[in-house]
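Take a look at the structure below.
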Amino acid sequence: MRRAFRWLLAACVAIATTSAALAADLRPLVQTMGSGGYAGTEKALNQLSEAGDPAAVPVIEALQAGDLYVRKADGLVVIARKAGAGFALTDPLSGAVVGEAASGAIDKIKINNALRRSISATLGALTLMSPDPATRRSAAEAVFKSRDANALDTLNTAIAKEKDERIRRVMEQARAAVILTAGASEGDTQTAIATLTARGDRDALALLSMIAASGATDALKTAAAGAVAAVEQKLMFWGALQNLWYGLSLGSVLLLAAIGLAVTFGVMGVINMAHGEMVMIGAYTTFLVQQGLRTYAPGLTDLSILLALPAAFLVSGGVGVIIERSVIRWLYGRPLETLLATWGLSLALQQAVRSLFGPTNREVSAPSWMSGAFELGGLTITYGRLWIVVFAFAVFAALLVALKRTWFGLSIRAVTQNRPMANAMGIRTARVDALTFGLGSGIAGLAGVALSQIDNVSPNLGQSYIIDSFMVVVFGGVGNLWGTLVGALALGSLNKFLEPYAGAVLGKILVLIFIILFIQRRPRGLFALKGRAVEA
Amino acid sequence: MLTRFFLMGLDRKAGLVLTVLALLAVLVPVMTLVVPEGSPWHLSIFSVSLLGKYLCFALLALALDLVWGYVGILSLGHAAFFALGGYAMGMYLMRQIGPRGVYGNPILPDFMVFLNWKELPWYWLGFDHFAFAALMVLVVPGVLAFAFGWFAFRSRVTGVYLSIITQALTFALLLAFFRNDMGFGGNNGLTDFKEILGYDIQAPGTRVGLFLATVAALALSYMIASGIIASKLGKVLVAIRDTESRVRFLGYDTESYKLFAWTLSACMAGVAGALYVPQVGIINPSEFAPASSIEAVIWVAVGGRGTLAGAILGAVLVNFGKSYFTGALPELWLFALGGLFVLVTLFLPKGLLGLWAQLTARLPSGKGKGAPNGKTADQKGM
Amino acid sequence: MSAEDTLLYLDGVSVSFDGFRALNNLSLTMMPGEMRAIIGPNGAGKTTMMDVITGKTRPDHGTILFEGETDLTKLREAGIANLGIGRKFQRPTVFEPHTVWDNLELALKAPRRPLNTLTYAIGRDDRARIEEILDITRLSPKRERLAGSLSHGEKQWLEIGMLLAQDPKLLLVDEPVAGMTDAETEQTARLLCDIAGKHSVIVVEHDMSFVRALGVKVTVLAEGSVLAEGSLDSVSANQQVIDVYLGR
């Protein structure tokens, strides 16, 4: 569906760019379509076909649909569509509005069966042999879908002429579909089955299943049944891969949401229930940056996401530092109290955002380089999701480097392991605390930038992620960033593999129950620290 | 022996709580049913149900305080037990509607007819009997709590980990009850109740009756809880709260102690939910929301954890504030509630009762010195 | 030596934490009524040894038998305590929100199940026993004080009192005199010697004069296994012991 739409879009773009130059040559030909009855129309049609200009396609399609009329007053050929009591007239070549007319003021250009065949052939010739490869490809896909027997001859000609191997393959698949639908010699049908088996998608599966059920001969039925099995297996393989990709994609979203928590909870032992709100603030910062660019520098709107990254990190991180200095630092060593206080903060932050921006969703649009999708074998991968996966791993790697290789990271680890000693060594522990909390919150802000692309930016954004994030951190093992990574990916995949069988909600419930049981088995998560130090 | 048990928990504070509840039990029916409507002393039926609702929340808070204040288990999922008790009662009330529903089906509740179900699911059987439903109000939350606690305590899941998985528990139930195929009315829950035990659920007399039942349940639960706290078992629980491993080395199987308190607390929460549903007239999955559980925690914190009476006080005060704010200044309610969380944890770690104890301790006559769990030394001499 | 006559029998017990071997093939036996002092440098595995005996830590391998037959590695802490093994911690741990009296009442030998404690009413015998222990530990005037308000030394005494109330067959005492004055140390030594007649005692201690005052067999631990065993004088003369511990 989405793919078909994309090809159609490409075709339209191709048509629009070429039509301006050639429209002038076509106009006289189009004008003759209305005169001379069926024969006159046929002649004009042939001439359009010879001209080989795809700009004529809308005209011929209108003719096919019975929308092409002649205005009685001046003999102008127009496309007329019912509008109110009369008709709205548009120019068939340019699509420009010509005016309106009562139903008595225009004559329909009539077509018969012979003409219909010509129309199909001409349309096929114009599109299947169009100079533009995208148009040819979409035309071949269209024939594959319609399985119109009239297109067979044109298709054969087009295949003979086609030089692009990939487009030729689609055309051959289209021919196979036509052959299987219309029926042909046993040999041709066998070849068609092989062609469709190679295509191996759901459409091919539907056609092959049809033959397997009602083929002309037993040999054909057997061949088709074998092909169905092969295609099903292939689809299952790609389906599993697709699930894996969805799992990876959900896992990276979870990773983004949880990784900041892994810092505040895992490294500092602070239960930050307002973590989700840090994500939400990051998302709103993205919204504000985009609005600002739209107003003051519209040319840079495509880059707003990139500019939002540092902004969101600083805003969320700043809010985090303020929270640490004003509330959390009084509650160290009292994790349950911290939990309650930060929950209170989360309520206040939600309400603050609701008061400032209203309770409704805010729109953050995707930049052009993040929209669209591409295919990889049987997988469909959207650029947006791909970037989020890449981004999540980049943030993870950056955090790992920051903690392991920088002076700041060293200070954080020193304070975590032995606070009095770190203090004695001249590390300003209070400042390290504030900055660590700021770091965790800032990463949550980065997550917010990414999530603004795939989720609604609303005051409740953070709420939907907080429980999942805690599950990831607890499942992975507190105090271990690698555990968070594995936990996020494992839970994401588990969720996506359960979904086809159990449905989204039940799948999520099962995952929660799984975690609850898992924590019983391993109270300290997947990658637990061991030893006496943990007890203290 | 039972008398001794209840008497054991009776100190001055308990006396005060029970006196206030007894006063409510006398004054409210009189002010509602006897005092004529024009009088300034008249109490509307709406207020009675509102008060009843507060007391249900107070019972939930009491249950929560028993595990949080005395055993140190911070449950972020107590609303789940509350809601399960509520659903058990709701199922009874649904069955009582009978053929008076929109579709007039004598057996199936409306939402099942709507979903094209042909017969009652097995887990709805029996709920047409009040006694069975009342039993389920205790059994369903109790069994869930027992199973959950048995696993969690045995594996020594403690502290924030335990809190987080209780939250996961209630979240999973929230998602589950939202599903239509669960057979509990999905999103809309259970509502449109007609009568309870044959009495019209809207009638003033029934409303007052439900209020009195709530007062009685709260008083009884309070006496059970304070009896337990004063017993040696209560001392073991407090010891577990502060130094669990030391209690183990004394030979106490701490898991079974925690399990006892936890299950009992869940049953109390279930009763609170069951009394809540007929008074507000609806139960839906939003009661399972993790936010409601955490809100209940703040009631306890405001009143003072580990004091029982504080939990009741906190629940009533905060909910009174909520009713006021959401009516008069809805924008500000979340700010107020959020601020309350922060202020109480930062400045009132022992809650209002703790503050009061501190203030009275400064006076020369104050003798409640050094009683962090609200227990005074003169309980010893018996 | 056969395990049958022993009260406590450890054979080849090993424990490691993240690659660090806290106990390394440790073997040790205690006879009924015996008192033993354990000394050793920091990290020798003294506390870990108590942890594996009381069930706090599970050994990676090795045998631990109580009274020659009960396998302690299969039991949890409470079960082990109920067999008659009592423990005093290095850092005194008492129930701070409870009074001294309540601390002793909780420790007092009595049925330990929730239903027992729910219906427990203190009898004349129990009251007398607590009074007696209060006298022994000199905490009688402070019986109504909250344990949290006691001084460090008093907490040590209270914990010893709780051990007495438990009436165990085997007492594990970890650094009982840390933070005590010389006079208190002397009293503690005398108290432990009194107890030793009826119970078996393992004392872990750094204070050599205290160990000398006890006058019992000494086991020296180093790097998780037994380095030497014998009277304090004989182990003091042992060159290996001097190298790793005394002569440091």
Side-chain angles (χ1 to χ4, degrees), chain A residues 265 269-271 273-274 277 323 326-328 330-331 334-352 354-355 459 463 466-471 473-475 478 503-525 535, chain B residues 68 72-74 76-77 148 150-182 245 289-291 294-295 297-298 300-301 305 330-347 349:
Chain A
F265 184 30
V270 168
I271 313 292
M273 293 298 268
E277 278 58 46
I323 289 177
S326 58
V327 176
I328 289 172
W330 309 106
L331 298 171
R334 291 157 66 197
L336 297 179
E337 270 88 345
T338 319
L339 188 156
L340 293 179
T342 49
W343 175 263
L345 288 171
S346 85
L347 293 181
L349 285 171
Q350 278 173 44
Q351 184 59 41
R354 198 172 290 127
S355 302
Q463 287 282 297
I466 185 72
I467 291 184
D468 287 341
S469 316
F470 268 114
M471 291 303 131
V473 175
V474 168
F475 175 70
V478 174
V505 176
L506 197 57
K508 208 170 156 78
I509 296 172
L510 290 176
V511 170
L512 283 173
I513 293 175
F514 164 75
I515 294 171
I516 292 175
L517 292 178
F518 180 85
I519 296 297
Q520 323 278 354
R521 294 293 307 161
R522 301 196 60 149
R524 302 214 169 250
E535 301 280 317
Chain B
W68 184 35
I73 303 169
L74 176 54
L76 299 183
F148 180 86
W150 198 85
F151 282 115
F153 301 145
R154 214 127 263 279
S155 327
R156 309 227 167 131
V157 182
T158 53
V160 291
Y161 292 87
L162 189 61
S163 300
I164 289 171
I165 63 168
T166 54
Q167 195 178 22
L169 174 76
T170 193
F171 189 57
L173 283 168
L174 169 77
L175 294 174
F177 273 75
F178 264 123
R179 287 162 51 88
N180 275 329
D181 1 352
M182 277 284 285
S245 67
I294 303 185
E295 218 176 299
V297 172
I298 204 62
V300 180
R305 65 181 274 218
E331 286 269 300
L332 290 183
W333 165 240
L334 280 183
F335 285 124
L337 185 64
L340 201 58
F341 272 96
V342 177
L343 294 178
V344 167
T345 45
L346 283 184
F347 302 112

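In what follows, chains carry the letters A, B, and so on, assigned in the order in which the sequence lines appear, proteins first and then strands, with residues in each chain numbered from 1. All values derive from a computational prediction rather than experimental measurement.
Only the side chain of B:W68 comes within contact range of chain A, with at least one heavy atom under 4.5 Å from a heavy atom of that chain. For chain A, the nearby parts of B:A291 are the backbone and the side chain; heavy atoms of each come within less than 4.5 Å. For A:T342, no part lies under 4.5 angstrom from a heavy atom of chain B. In this structure, chain B has heavy atoms under 4.5 Å from both the backbone and the side chain of A:L336. Residue contact with chain B, scored on non-hydrogen atoms closer than 4.5 Å, involves the backbone and the side chain of A:L506 alike. Heavy-atom distances place both the backbone and the side chain of A:I519 under 4.5 Å from chain B. Only the side chain of B:Y161 comes within contact range of chain A, judged by heavy atoms closer than 4.5 Å. Proximity to chain B is limited to the side chain of A:I467, based on heavy atoms less than 4.5 angstrom apart.
Closest of all the heavy-atom pairs between A:S355 and B:F335 is OG-CE1, 4.1 Å. Across all their heavy atoms, B:F171 and A:L512 have their closest contact at CD2-CD1, 3.5 Å. Heavy-atom minimum distance, B:V160 versus A:P335: CG1-CB, 3.6 Å.
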**Message:** One pair to check against side-chain contact (heavy atoms from CB on, under 4.5 Å): A:R354 and B:L334. What are the steps and the verdict?
**Reply:** CA-CA 11 Å; A:R354 198 172 290 127; B:L334 280 183; 3.5 Å; yes
**Message:** Pair A:L339, B:V297 - check side-chain contact (heavy atoms from CB on, under 4.5 Å), show working.
**Reply:** CA-CA 11 Å; A:L339 188 156; B:V297 172; over 6 Å; no
**Message:** Using side-chain contact (heavy atoms from CB on, under 4.5 Å), reason through A:I516 and B:F151 one step at a time and then give a plain yes or no.
**Reply:** CA-CA 9 Å; A:I516 292 175; B:F151 282 115; over 6 Å; no
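The closest side-chain heavy-atom distance from A:Q351 to B:L337 is not below 4.5 Å. Side-chain contact between B:F178 and A:V505 is absent, with no heavy-atom pair separated by less than 4.5 Å. Between B:L76 and A:W343 there is no side-chain heavy-atom pair separated by less than 4.5 Å. Side-chain contact between B:T345 and A:R334 is absent, with no heavy atoms from C-beta onward closer than 4.5 Å.
Taking chain A as the reference chain and counting heavy-atom pairs below 4.5 Å, the highest number among B:I294, B:I165, B:I164, B:L343 is found for B:I294. Comparing B:A336, B:S163, B:G338, B:P349 by how many heavy-atom pairs each has under 4.5 Å with chain A, the most go to B:G338.
The backbone N or O of B:L346 sits nowhere less than 3.5 Å from a side-chain atom of A:E337 that would complete a donor-acceptor pair.
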